Protein chains: 2
Amino acid sequence: MPQPLIENPAMAQKVARVLKAIAHPVRLQIIELLESGEMCVGQIVDALHAKYPITSQQLNTMCDRGVLTQRRDGAKVFYRILNPSVSDLLQCLYRNCDSHNTDQT
Amino acid sequence: MPQPLIENPAMAQKVARVLKAIAHPVRLQIIELLESGEMCVGQIVDALHAKYPITSQQLNTMCDRGVLTQRRDGAKVFYRILNPSVSDLLQCLYRNCDSHNTDQT
DNA sequence: TCATTATTTTAGCATATACTAAAATAGTAA
DNA sequence: TTACTATTTTAGTATATGCTAAAATAATGA
């Protein structure tokens, strides 16, 4: 599989869009939370000690970009991961951050 | 290793910065090129069929953000990958894109 | 020094992102 | 209907990003 992105600019665009969709500290934290299952907005706000509108905006951004999906149950709206690639990516990032953090500090 | 990003906002910021640094189609392609070793700007421009100033700007952006490093040799400036995490990330992205692309098309 | 090749920088513009405070909407229950 | 909880939307502002064309800089060799 030599140089897929150079031979396939459309794939480069697609990959870049996924990365941009998650390249934000709060959005990464949200994805991490949702790895253990769906949560409603209020739960996420509490878990992150964040503000409601910002959290809602980030959730909608990720829905728009195909990372998450939502479902309403009564007054509450539950979000969950739609694109499993992002979980894989997070795991990969953890491994890298770990190997960087475990050097003698 | 439970929820490192939520318990460690600084790590969330750091990870987000790495992702933002590479979340661009041309920058991903440049990283892919440099995985096989350092290249000078002109070689990269040719390989990507890109414009000189844009390529130079993207290269400098990635240097500023700790992804690449440069060295001058005479009139030419060679760039190479500094942060090995980004190569790992690319490999992870390939695996995901592959598994998505290999479903019946 | 002058011309040429290699690369970077500048200025300007358009669009995207991120955040805030306030208002609006949706659903539930009295 | 009213009040309350849950969530989204709006308007405004600040900053970041991405691109272009043109000019500037750096190194080399005649």
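Quick note on labels: first sequence line is chain A, next is B, and so on, each numbered from 1. Please read these numbers as outputs of a predicted model, since none were measured by experiment.
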Worksheet item: Which nucleotide of DNA chain D is the first, and which the last, in the 5' to 3' direction, to come under 4.0 Å of a heavy atom belonging to chain A?
Response: D:dA6 to D:dT10

Check: residues 35-43 of chain B side-chain donor-acceptor pairs under 3.5 Å, at least two apart:
{"unit_1": "B:E35", "atom_1": "OE2", "unit_2": "B:S87", "atom_2": "OG", "d": "3.4"}
{"unit_1": "B:S36", "atom_1": "OG", "unit_2": "B:L33", "atom_2": "O", "d": "3.0"}
{"unit_1": "B:E38", "atom_1": "OE1", "unit_2": "B:R71", "atom_2": "NE", "d": "3.2"}
{"unit_1": "B:E38", "atom_1": "OE2", "unit_2": "B:R71", "atom_2": "NE", "d": "3.2"}
{"unit_1": "B:E38", "atom_1": "OE2", "unit_2": "B:R71", "atom_2": "NH2", "d": "2.4"}
{"unit_1": "B:Q43", "atom_1": "OE1", "unit_2": "B:C40", "atom_2": "N", "d": "2.9"}

Fill in: Contact nearer the 5' end of DNA chain D, comparing B:I54 with A:Q57
A:Q57

Practice prompt. Return the set of residues passing side-chain hydrogen bond (donor to acceptor under 3.5 Å, both in side chains) with B:E32 (not counting sequence neighbours), or none when no residue passes.
Written response: B:Y94

Fill in: Minimal non-hydrogen separation, B:A12 against A:L28, with atom names
O-CD1, 3.8 Å

Response to the item:
With sequence neighbours left out, the residues meeting side-chain hydrogen bond (donor to acceptor under 3.5 Å, both in side chains) with A:Q70 are A:Y79

Worksheet, complete the sentence: Residues B:V26 and B:Q58: closest non-hydrogen pair is CG1-CG, 4.2 Å

Discussion item. Test of understanding: clusters of I, L, V, M, F, W, Y form through side-chain heavy atoms closer than 4.5 Å, transitively. Do B:L68 and B:I54 belong to the same one?
Written reply: no

Worksheet entry | Interface with DNA chain D, restricted to residues 22-44 of chain B and to heavy atoms under 4.0 Å | B:H24, B:R27

Worksheet item: Would you say A:F78 and A:I44 are hydrophobically clustered, going by side-chain heavy atoms of ILVMFWY under 4.5 Å?
Response: no

Worksheet item: So, A:N8 side chain and A:P4 main chain: donor-acceptor pair closer than 3.5 Å or not?
Response: no

Discussion item. Quick check against the 3.5 Å criterion: does A:R17 have a side-chain atom that pairs as donor or acceptor with the backbone of A:L19?
Written reply: no

Discussion item. Considering every strand and a 4.0 Å limit on heavy-atom distances, what is the contact class for A:Q58: base, sugar-phosphate, or nothing?
Written reply: sugar-phosphate

Worksheet item: Do any of residues 59-82 of chain B sit with a heavy atom less than 4.0 Å from DNA chain D, and if so which?
Response: B:R65, B:R72, B:G74, B:A75

Item to complete: Group every Ile, Leu, Val, Met, Phe, Trp and Tyr by side-chain heavy-atom contacts under 4.5 Å, then state whether A:M62 and A:L82 land in the same group.
Response: no

Discussion item. Using heavy-atom distances to pick each residue's nearest nucleotide on DNA chain C, tell me which of B:K20 and B:S56 is more 5'.
Written reply: B:S56

